[in-house]
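To keep things clear, I will list the structure first and then write my remarks on it.
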Amino acid sequence: ERLSADSADRTYDRINECLAQPEFRPRALFERFNIEVIATTESPLDPLDHHRKLRASGWKGRVITAYRPDPVVDPEFESFRDNVLRFGAMTREDTATWQGYLAAHRDRRAYFKAMGATSTDHGHPTARTCDLPADVCQRLLDRALAGTASLDEAEQFRGQMLTEMARMSLDDGLVMQIHPGSYRSHNPRVCRDFGRDKGADIPTATDYVRAIKPLLDRYGNERDLTVILFTLDETAYARELAPLAGHYPILKLGPAWWFYDSPEGMLRFREQVTETAGFYNTVGFNDDTRAFMSIPARHDVARRVDCRFLATLVGEHKIGEDEAFLLAPQLAYGLAKRAYKLQ
């Protein structure tokens, strides 16, 4: 029934009635949706008490964490200095020193991995990476903790930490996700009245070719490292991301994300990256939703769009029908499971 002024109250009452029923509780829906695994993202400062409680409950659903270090790697994050001091207290490391700060990350990553994490997640304004000597890193850390880092120094620090995270992923096996290119809290009134990450996030142009070169120069040819790139800049799909992923062994392309997690956005993604990157340099589909109830619909949309794309290739005699039937379950399921080490 189409939503309208006439149906609004009736629809609201029906939803309210359903939500009161046991079969609509989160764990029941998790099982009905046939979800194999959900990964949340937590700050290094999070003790992961909820994950421990879930484990102790005896429930069989698989909910794992992912390491999201933004509060302690972004000098522009509110309370950055206090966050880094708490970070040091949690790990018993001197996080005012560069080596102690890195040791604290290794400590928390190991804890997150013990709690089921298979990945890290990095939400940066740009994709910039750096590969700086230790003394320069220490100066950047000093200025960040003192609150005197310039905008460029803050960006250098974040960029250096992406390279450091790649180094750590090579050691501990966690898959690295980079989500750059959002100008967050663009509307100052919304940010002032409601706080960080409450809307008005706008896509920005991102230069991947030059931005991630320092990281790729150091680790791009490794076979035991996976870095999954996402973008909010569609113009980068064919020009930058597909050629990069087609060349460097560590790189894979995440699915159309956020503003482009939509039928038209997903189709444009496939059309622009497939000729250069192929299918197996992407990770299929994993949704990035905060709306638990939307998960089945989002996966259904992705599967329909991918099958439409495959059907077009079959109709144009670019692939065989047998190949399409092999690819479809990989795009829907197999590639994501393999990329995120969820075997």
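What you see below is based on every heavy atom in this structure, not just the backbone, and it leaves out hydrogens, waters and symmetry mates.
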How about [X] and [Y]: do any of their side-chain heavy atoms sit closer than 4.5 Å?
{"X": "Met165", "Y": "Tyr67", "result": "yes"}
{"X": "Val37", "Y": "Val63", "result": "no"}
{"X": "Leu216", "Y": "Leu244", "result": "yes"}
{"X": "Leu241", "Y": "Gln272", "result": "no"}
{"X": "Arg303", "Y": "Pro329", "result": "no"}
{"X": "Ser43", "Y": "Arg68", "result": "no"}
{"X": "His299", "Y": "Asp287", "result": "yes"}
{"X": "Asp131", "Y": "Asp217", "result": "no"}

Other ILVMFWY residues reachable from Phe285 by side-chain steps of under 4.5 Å: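 Members alongside Phe285: Met266, Leu267, Phe279, Tyr280, Val301, Val305, Phe309, Leu310, Leu313, Val314, Ile319, Leu327, Leu331, Leu335.
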[Y] versus [X], side-chain donor and acceptor atoms under 3.5 Å:
{"X": "Asp121", "Y": "His179", "result": "yes"}
{"X": "Ser150", "Y": "Asp152", "result": "no"}
{"X": "Glu222", "Y": "Tyr248", "result": "no"}
{"X": "Gln330", "Y": "Arg338", "result": "yes"}
{"X": "Thr40", "Y": "His50", "result": "no"}

For [X], does the [atom1] atom sit with more than 12 other heavy atoms under 6.0 Å from it, leaving out its own atoms?
{"X": "Arg32", "atom1": "CZ", "answer": "yes"}
{"X": "Arg62", "atom1": "CZ", "answer": "yes"}
{"X": "Tyr183", "atom1": "OH", "answer": "no"}
{"X": "Lys337", "atom1": "NZ", "answer": "yes"}
{"X": "Glu76", "atom1": "CD", "answer": "yes"}
{"X": "Phe292", "atom1": "CZ", "answer": "yes"}
{"X": "Glu321", "atom1": "CD", "answer": "no"}
{"X": "Lys318", "atom1": "NZ", "answer": "no"}

Indicate, with yes or no, if the rings of [X] and [Y] have centres closer together than 6.0 Å.
{"X": "Phe30", "Y": "Trp59", "answer": "yes"}
{"X": "Phe87", "Y": "His105", "answer": "yes"}
{"X": "Phe259", "Y": "Phe269", "answer": "no"}

Step-by-step salt bridge (charged side-chain N to carboxylate O under 4.0 Å, His left out) determination, Arg52 to Asp49: CA-CA 5 Å; Arg52 285 204 301 271; Asp49 289 340; 2.2 Å; yes
Main-chain N/O of [Y] paired to [X] side chain as donor or acceptor, under 3.5 Å:
{"X": "Asp233", "Y": "Thr206", "value": "yes"}
{"X": "Ser7", "Y": "Ser4", "value": "yes"}
{"X": "Glu240", "Y": "Tyr208", "value": "yes"}
{"X": "Asn16", "Y": "Tyr12", "value": "no"}
{"X": "Thr118", "Y": "Tyr340", "value": "yes"}
{"X": "Gln138", "Y": "Ala96", "value": "yes"}
{"X": "Asp201", "Y": "Ser185", "value": "yes"}
{"X": "Thr312", "Y": "Arg308", "value": "yes"}

One thing to verify: whether [Y] and [X] come together as a salt bridge, which I'm taking to mean a side-chain N less than 4.0 angstrom from a carboxylate O.
{"X": "Arg304", "Y": "Asp300", "value": "yes"}
{"X": "Arg196", "Y": "Glu78", "value": "yes"}
{"X": "Arg167", "Y": "Glu164", "value": "yes"}
{"X": "Glu155", "Y": "Arg128", "value": "no"}

side-chain hydrogen bond (donor to acceptor under 3.5 Å, both in side chains) partners of Gln99, counting only residues at least two apart: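 Partners of Gln99 under the side-chain hydrogen bond (donor to acceptor under 3.5 Å, both in side chains) test: none.
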Identify the two heavy atoms, one from [X] and one from [Y], that lie closest to each other, and give their separation to 0.1 Å.
{"X": "Gly265", "Y": "Ala256", "value": "O-CB, 3.9 Å"}
{"X": "Tyr111", "Y": "Pro47", "value": "OH-O, 2.9 Å"}
{"X": "Phe112", "Y": "Ala66", "value": "CE2-O, 3.7 Å"}
{"X": "Arg184", "Y": "Trp258", "value": "NH1-CH2, 4.0 Å"}
{"X": "Ala104", "Y": "Thr91", "value": "CB-OG1, 3.3 Å"}
{"X": "Ala245", "Y": "Ala277", "value": "CB-CB, 4.5 Å"}

Candidate pair Tyr333 and Glu36, rule side chain to side chain donor-acceptor pair (under 3.5 Å), full reasoning: CA-CA 11 Å; Tyr333 177 78; Glu36 286 191 18; 2.7 Å; yes
Cluster overlap Leu102 with Leu85, hydrophobic side-chain contacts below 4.5 Å: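 Cluster IDs for Leu102 and Leu85 differ.
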Hydrophobic cluster membership, Leu140 vs Phe77, 4.5 Å side-chain cutoff: no
Stepwise side chain to side chain donor-acceptor pair (under 3.5 Å) test for His124 and Thr126: CA-CA 5 Å; His124 286 217; Thr126 75; over 6 Å; no
Distance (rounded to the nearest 0.5 Å) between Leu174 CG and Asp171 CG: 10.5 Å
Glu1 and Arg10: CA distance, side-chain angles, deciding distance, salt bridge (charged side-chain N to carboxylate O under 4.0 Å, His left out) verdict: CA-CA 10 Å; Glu1 182 179 5; Arg10 186 165 56 256; 2.5 Å; yes
Derivation of the salt bridge (charged side-chain N to carboxylate O under 4.0 Å, His left out) call for Arg268 and Glu234: CA-CA 9 Å; Arg268 290 195 298 270; Glu234 282 190 294; 2.7 Å; yes
From CA spacing to verdict: side-chain contact (heavy atoms from CB on, under 4.5 Å), Leu232, Thr204: CA-CA 7 Å; Leu232 287 178; Thr204 63; over 6 Å; no
Salt bridge (Lys or Arg N to Asp or Glu O under 4.0 Å) contacts touching residues 81-109 (sequence neighbours left out):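 As it turns out, the salt bridge (Lys or Arg N to Asp or Glu O under 4.0 Å) pairs with a partner in residues 81-109, which skip direct neighbours, are Arg109-Asp172.
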Pair Thr231-Leu253, side-chain contact (heavy atoms from CB on, under 4.5 Å): steps then yes or no: CA-CA 9 Å; Thr231 190; Leu253 301 184; over 6 Å; no
